[in-house]
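Down below is the structure, laid out as structure tokens.
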Amino acid sequence: MFPRCLKLTSTIRAAQTPARVERGPDPVTSRKQGTMNPDGNLERLLESAVVNHWADLTRGTPAGLIHIEYGFADGGTLDYLKVWSSLSRGHWLLACEYWMSANTFHAAGIGFENGYQSEGMADVLEVAMQHQSSFVLPPNLGRQGLLQISTPTAEESAAAATLISEVFDRLASPLTQPAVA
């Protein structure tokens with residue numbers, strides 16, 4: 001389904017494929033090599049947001065599955081994303097959605113649904129969506145994008161927390177702030 005995906009250890013899964021797949025290098029290996037860049041892949045940041053706030057999105061259940069669906073604006077940036085949670089096979093609930101612009105059907109920004117709430121997840125999604133130009137965006141293939149994230153391991157949780165911390169540090173750095181004339 002994802003022809004560019006490599007089989008590596010990750011929490012992103014291709015639909016209907018039991019093997020773990022990834023759209024880039026293994027996050028643990030990349031961190032050891034010093035190439036995990038906070039302004040890297042936007043999909044990796046979104047995956048890390050879910051992993052870092054797993055308990056909020058699965059309501060503390062030991063296992064589950066999360067989908068992140070996203071759509072593109074005309075300029076190639078993300079227009080919206082939706083986070084779906086499945087705690088039992090075949091049953092999906094919309095946990096939250098983030099829209100870049102408002103219309104008659106939704107407001108701009110983040111909204112939580114179905115009793116889900118996570119201030120930390122809201123913070124990460126706000127940074128990801130408002131600073132898209134700081135990241136490598138997924139390719140616009142003329143359709144919606146989808147990330148599927150399974151129950152993370154302890155190592156994946158630690159890597160996600162580290163990546164989010166690096167992103168927030170990088171974006172707060174004076175070197176990334178616009179110059180004042």
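Within the 4.5 Å cutoff, no side-chain heavy atoms of Met121 are placed close to those of Trp54. In this structure, Thr151 and Thr58 have side chains that are not in contact, with every pair of non-hydrogen atoms separated by 4.5 Å or more. In this structure the side chain of Ser85 never reaches within 4.5 angstrom of the side chain of Trp92, judged on heavy atoms. Residues Leu171 and Ser134 have side chains in contact (heavy-atom distance under 4.5 Å, counting atoms from C-beta outward). The side-chain heavy atoms of Leu42 and Val136, taken from C-beta on, include no pair separated by under 4.5 Å. Between Val50 and Glu47, the closest side-chain pair of non-hydrogen atoms is not below 4.5 Å. Residues Leu125 and Cys96 are in side-chain contact: their nearest non-hydrogen atoms beyond the backbone lie under 4.5 Å apart. Contact of the Lys82 side chain with the Leu94 side chain is registered, since non-hydrogen atoms from C-beta on lie closer than 4.5 Å.
Just one residue in the list His67, Gln148, Glu113, Glu69 forms a side chain to side chain donor-acceptor pair (under 3.5 Å) with Trp84, and that residue is Glu69.
A donor-acceptor pair under 3.5 Å is absent between the side-chain atoms of Asp123 and the main chain of Glu126, judged by distance alone.
A pairwise comparison of heavy atoms in Phe72 and Leu78 identifies CE2-CD2, 3.6 Å as the closest pair. Closest heavy-atom contact between Leu146 and Tyr70: N-CE2, 4.0 Å.
Within a 6.0 Å radius of CG in Asn114, more than 12 heavy atoms belonging to other residues, nucleotides or ligands are found.
How far CG of Leu57 is from OH of Tyr116: 7.5 Å, rounded to the nearest 0.5 Å.
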